[in-house]
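The first residue in the sequence is number 1, and the count goes up from there. Since this is a predicted model, take the numbers as computed values, not measurements.
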Amino acid sequence: MTITTTTASAANTGAAMSAPSRASGRRVDARLEPPALRRHPHLVRYSHVEADFNVLIDKAIAAINDGEPVEDEILGRYINLASMVRAVSFREGKLLEQAFERLSKQNPDLVVLVQSLKLPLVKTAVEAVTGNDWTHLDGVRLDSEAPAKGYYTPDVILVNRARHLAFILDLKRSLASYGDTTRLEELKLKMLASAMILPDWLYKNHKRLMVDNVGVAIVDGASRPSDHASGVWALNDIDDLLEIDGAAACMAELRVRFGRRVQTLLEDEARRALGVIDRPIAPSEAVAPRFRLRQGDRQSTLGVARARQGTRGGLAPDGSEILIPDDLLGEAEGLADEEDDGRPAARIRVGFARRLLAA
């Protein structure tokens, strides 16, 4: 049996990859297309998976909300917001994995493995990938129980039983942070080394699943241009991985809906951190400010004004009287130096940094 270890490409999928992908990330008309206009034998529309996707989004949002951040002196009152942003990145990755698994059910030939994936990085495989061009490794099959130096855990292993084809997939919400680092190449090395032992590992650990062709693909959720030759796939190309028309459009719609929920969540948390809340508008008010500042521990300037004698400044919208301190009306007079008045120094020295700024 011949084992072909490659990056995922048009030849691996058996699809007509030379034609441009129809999955553009836009929501597609739910009407079924004639078979002649479809590129794959299976079809999915968002309405088919909407109920399941809504449940996945709700669970992801609930998990983001359930975080309990530890106090941080630097982030201060913004720690909840920062913790929420970090949770969004993690939960989006999990959401993509779960949605990918759900979409794959539209193709009965597919087996999707997402649990207990721990592929050994066999020393021989790592050395083979490191010292050779991967295109020269076709036909090499290694024992998954040979001595290993660590493990690699993929996000998804996709097996097409009809084609005896397997993919090792790593789903990333975005590859933007990998641009100027070596992490992407290190990830590819681990994936290719794992691909060399995958046929043996599947046969021994997953009900004698047999494959003779293994590809690796890093899927970019941000859908930047694909580079199939180096194993990078945009999310809007996954129709060809799953052999399901409409899969990419469903994932795009999922991300749009999840993004709306996340942005609302972050906006609410930002308002709480800033002490900004919605202000109810009285029916008699033609125009009213939408937000008001919540009073903090320290009194504001207007708070001090109400406690001291000053000049009347009219009435607030709630009917209370606003007093403006005299020191706000003229610079010559002011209150005692109870707080820093923020006035600039009379003379400021500016120059290149040097020892003690010697004259």
task: Can you measure from CD (Q115) to CD1 (I157) and round to the nearest 0.5 angstrom?
output: 12.0 Å
- prompt: Atom OG in S226, atom CG in D220: separation rounded to 0.5 Å?
  reply: 8.5 Å
message: Using the rule given for side chain to side chain donor-acceptor pair (under 3.5 Å), can you reason through H164 versus D212, listing the C-alpha separation, both sets of side-chain angles and the distance that settles it, and then say yes or no?
response: CA-CA 6 Å; H164 297 284; D212 53 25; 5.4 Å; no
field: Test log, rule side chain to side chain donor-acceptor pair (under 3.5 Å), inputs S83 and N80
entry: CA-CA 5 Å; S83 176; N80 288 341; over 6 Å; no
message: Once side-chain hydrogen bond (donor to acceptor under 3.5 Å, both in side chains) is applied, do any residues pair with K204, and if so which ones, sequence neighbours excluded?
response: D143, D200
query: Under 6.0 Å between ring centres, would you say that holds for Y46 and F53?
result: yes
Min side-chain heavy-atom separation [X]-[Y] under 4.5 Å:
X	Y	value
R163	N213	no
L254	L95	yes
H40	L242	no
L56	K94	no
V114	F100	no
L119	Y151	no
L187	Y152	yes
V156	L113	no

task: With sequence neighbours excluded, tell me which residues meet salt bridge (Lys or Arg N to Asp or Glu O under 4.0 Å) with E92.
output: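 Applying salt bridge (Lys or Arg N to Asp or Glu O under 4.0 Å) to E92 gives R173, R255.
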Can you name the closest pair of heavy atoms from [X] and [Y] and give their distance?
X	Y	result
P154	L117	O-CD1, 3.7 Å
D239	A247	OD1-N, 3.2 Å
R224	A176	NH2-CB, 3.5 Å
L81	A270	CD1-N, 4.1 Å
V219	L235	CG1-CD1, 3.8 Å
I79	P69	CG1-CB, 3.7 Å

- request: Start with the C-alpha distance between D155 and K172, add both sets of side-chain angles, then the distance that settles salt bridge (charged side-chain N to carboxylate O under 4.0 Å, His left out), and finish with yes or no.
  value: CA-CA 9 Å; D155 293 326; K172 302 295 183 185; 5.4 Å; no
- prompt: Just by modelled atom types, is the L43 backbone N or O under 3.5 Å from a matching donor or acceptor in the D245 side chain?
  reply: no
message: Looking at A128, is its backbone amide N or carbonyl O close enough to the side chain of N132 to form a donor-acceptor pair, meaning the two atoms are under 3.5 Å apart?
response: yes
Does [X] pair with [Y] as a salt bridge, N-O distance under 4.0 Å?
X	Y	answer
R271	E267	yes
K190	E186	no
R161	D109	no
R39	E243	no

